[in-house]
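Contents: one structure, followed by commentary.
To find a chain, count down the sequence lines: A is the first, B the second, and so on, and within it residues start at 1.
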Amino acid sequence: MSGWRLPSDGGIDRDRPLGFTFDGQPLSGFEGDTLASALLASGPRILGRSFKYHRPRGLWGMGGEEPNAILDVTGPEGVTPNVRATQMRLRDGMALASVNAAPDAARDRFGIMDLAHRFLPAGFYYKTFMAMGWMRWEPMIRRMAGLGRVDPGHHPAADAVPMNARCDLLVIGAGPAGLAAARAAAGQGRAVWLVDEAGAVGGSLRWRGGQIDGGDWRAFASETVTAVEAAGGRVMTDTTLWGAFDHGLFAAWQRREGQPDRHWRIRAANVVLAAGAIERPLWFANNDLPGVMSAEAALHYLRLYGAVAGRNIVLATGNDASYPVAAALAEAGARVTLADARADGPAAPEGVELLRGARLTKAKGRREVGGAVVDGGHVDADTVLVSGGYTPSVHLWCQAGGKLDWNAGADALVPRPGTCGMAVAGAANGGFGLQRALEEGHRAGTGTGPAPRAATTGDWGLVPMRPDPTLKGRQWLDPQNDVTLKDVKLAAQEGYRSVEHLKRYTTLGMATDQGRSANFAGLAAMSAITGLSIPETGTTTYRPPFTPVPLKTIAGLRRGELFNPVKRLALEPLHRNQGARFREYGGWLRPSVYGDGEESTLAQAEAKAARETVGLYDASPLGKIEVIGPGAAELLDFCGYIRMSTLKTGRARYGFMLSETGIVHDDGVMFRLAEDRFIVSASSSHVASVRMILEEARQDRFDPRRSFIHDVTANWVTITLTGPRAGDLAHAAGLPDQMLALPHMGVAEGLWNGHPVRVARVSFTGDLSYEISVPARHGTALHARLEAARAAHKGRWIGLESVMILRAEKGFILVGKDTDGLTMPHDLGWGGPREKRKDEYFGRRSLFTPEACRHDRRQLVGLVTDGPDPLPVGAHLVARDGPRRSLGFVTSSYVSPTLKRPIALALLEAGGSRMGEALTAFQLGATRSVQVTPACAFDPEGGRLNG
Amino acid sequence: MQIFTCPFCGPREETEFHFAAEAGKHRPEPAEEVSDADWADYLYLNDAPKGAAREVWVHATCGEFFVMTRDTVTREITDVTALPGRDG
Ligand SMILES: [Zn+2]
């Protein structure tokens, strides 16, 4: 424990102490702290265990790049797993728990894994356990690996509202470059959105400070915010721009104090990327010990939170930017030794011991830093701060398709101009130093005139720092995924030299920090080993998200009922009043059965009643696509398998719609209401796709002015009466005589009690049926009229479960249930049009391929079986003798209350020629004997259709 | 998330659209004169151009089919034209 708190200074509220625990240990911080700053100032150094070797790990950075300080946080809303301690504000009463450690970070029992490191090189798990049977070992490996634990009882509210926005200019990052860009653009009246991941604007100015245009930077920043807002723009802090997508779409995750997160989709006409840069680590033996920290982060914690990283500090660097850090820490009271790799450099800051040309080769200590080796000699230290240079944050640039160039001056890969639509400014562009950031930002914001002026240019001289493959000891490149320099050597040896291969072989950069601090080191190490330059070695692909975003934020409100909303019946409340139980059928919420009791028992009773008296069911979801115009008949002829131009007005005809591959896409009845007006009753779940088939032909093949297609499914309520007493009930309900007198497959429109009604004598059950449709607003009246007459005729409301039994008794198919992706109309016994039609129609040619002409195609049949139980759906049909090869399978299966036996439909190879044949139905090891029959099991002559 | 411009509705997000067909692909007819191989080509073989592409898309919400000229690499959309145009 070496971090400490200054008695004053920092942006925290010292009058408001906050209590929290870490792995059960009570600690305290202040209002304004992050988890990281509170832990640094007061707490233990070992904050977690590494992924593979369970090495102790401590705080490294200050933002999304943090690889080590990842915690499970329990607050009032439950447990949030895998929170980067650097990015969450401390709240009173929070319980923090280290991840990947048992029982806790300080005493992890898997720490022994580290002793086995010699035996766990890159690819170890893959090579070893794949050979030994991965499935057997996976649970054990999973227990030992991984990060935080998900609390299965925690169901965060679906409250992250998705927001859509547009802006003239999106400025990503509110550091000096971003502020300058926003200020310039807002000054021209443009609507600027200035977005920053941190809790306040300023970026590095917040801890490095600076004078701009003759005043403190804070004045410059607040003037900029005012100007942006005055011009109609917006400044959003605590907002992570996590993804750049096509056509200028950006996704942003906004965290709001005491309110649900928001998820923004921002369309920006122009973008300035001013995302800054991230400090690189240095590479020496044991460079992962707790107490080794980013120098920039140390200054950040000192200035913003008054938290000092240590008392006895070695700062190893190769650049000028570390000098102000050393100076500030010395001023705060720490003993600071500055080890600069360069022989020349700035003058020693006051109170700092400067070693020039000095090389840090090792951090000493078993569980945390206890000293360092510099130039071969021991230096006392409790803290090692390092700076290996800076890596520009080009993630969003690359996500948007931008390319990179090597910039030797910045010792970094920087955006290549012209390869992406964004402008880039400041450190993200390799433009280090305050004055350069202001100038680049001003230009990127299309500012005219002179850029804002900084009091000091802040030139950052640097010498490239690289991993040294000859150095002794384990050097970590990726601390989160436990990748060492040795692993990269091994990868190179085994031929995984491309960065994409290196990444996958060693897992370098694949952790949740996405290798922010690691990728450059891996790249540099590979380049040192192979002798190729860094640009030749290349980079891996950058993909969203920039930082892990909670799935609940991305999912937004799309959960539960809103995940995939069902369509609701207009008469749902009336059905509920009558005891209906609801289930989803093809996207619609429909009554399955009515009443209390076992669903299957109720369905049997309902099916029986419908056969004996009359059943009523809500058929409103049945598709109603109107096809209108002089070209309507011609259009339907082309789109359908069965010709409709020969259909007489006032009549209905059953038909199929195929796909162009000849496969049955949908079936249903079509009505001709007038010479130029048809209604297509598509299946309720196929309405949208049937409409598209019609639309495509209408627009692409025919003159689109000669026909119109109008899906009016939702505009009508349809109630079907089915059963021997359907006519009596319809009569009692007062249906006009002319409609009562309709013949089978007749349809009529008219007025009934002053509102439109359409009645069709079509039957999905084989019994006398009246399909009565009224405009949805008159649905309640229709229901009331039928209800008034129902009891006298022993009518019964029936749900979809019994309708399924009734249609299966008749061998009527459901497309997609009794057909599959190979079924053609002639497999269903509808070979006529295929043989007779000479005109062109959709799917026609496919019905004559060698495959379509085979004699052993699977065809629709019925099955009878012994015993009272229905066959399992999906059971395979095999020959009683001979090879056990599947000849087909059961598609629908029920018990018929009318026939008092199980019935089934099946698709069976050459089924049409197997009538009477005995087969075996096989399912999960059990067998049943079956006999092949025609699909229609009930009233094959159709005598019941007329009551 | 790309933005496509429906000739009927104007600019909308790509989730509202479906790819329908390759533009300029003729449906071989009449069926009697089309070989199995030609029909299989029509059904299943599409170009997958890298760069300039002409395709028929449909705006699923309004039902408008249209020809879209776009670049499959840069995602730039250069033209949208209402049908008929597949043969054009
Ligand atoms: Zn449209």
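The parts of B:V34 that come within reach of chain A are both its backbone and its side chain, each placing non-hydrogen atoms under 4.5 angstrom from that chain. At a 4.5 Å heavy-atom cutoff, the contact between B:I3 and chain A is made by backbone and side-chain atoms alike. In this structure, chain A has no heavy atom under 4.5 Å from any part of B:F66. Heavy atoms closer than 4.5 Å to chain B are found in the side chain of A:R265, but not in its backbone.
Side-chain atoms of A:Q699 come within 3.5 Å of backbone N or O of B:F65 as a donor-acceptor pair.
Residues satisfying the salt bridge (Lys or Arg N to Asp or Glu O under 4.0 Å) criterion with A:R844, sequence neighbours excluded, are A:E840, B:E32. Residues meeting the ring pair (Phe, Tyr, Trp, His ring centres under 6.0 Å) test with A:F250, sequence neighbours left out: none.
Note that OH of B:Y42 and CD of A:E660 are 5.0 Å apart. Values are rounded to the nearest 0.5 Å.
Applying the 6.0 Å contact sphere to CZ of A:R854 captures no more than 12 heavy atoms from other residues, nucleotides or ligands.
Within the 4.5 Å cutoff, the side chain of B:L83 has no heavy atoms near those of the A:E696 side chain.
Heavy-atom pairs under 4.5 Å with chain A were tallied for B:H18, B:R75, B:E14; the largest tally goes to B:R75. Of all the listed residues (B:G63, B:A31, B:P30), the one sharing the greatest number of non-hydrogen pairs under 4.5 Å with chain A is B:A31.
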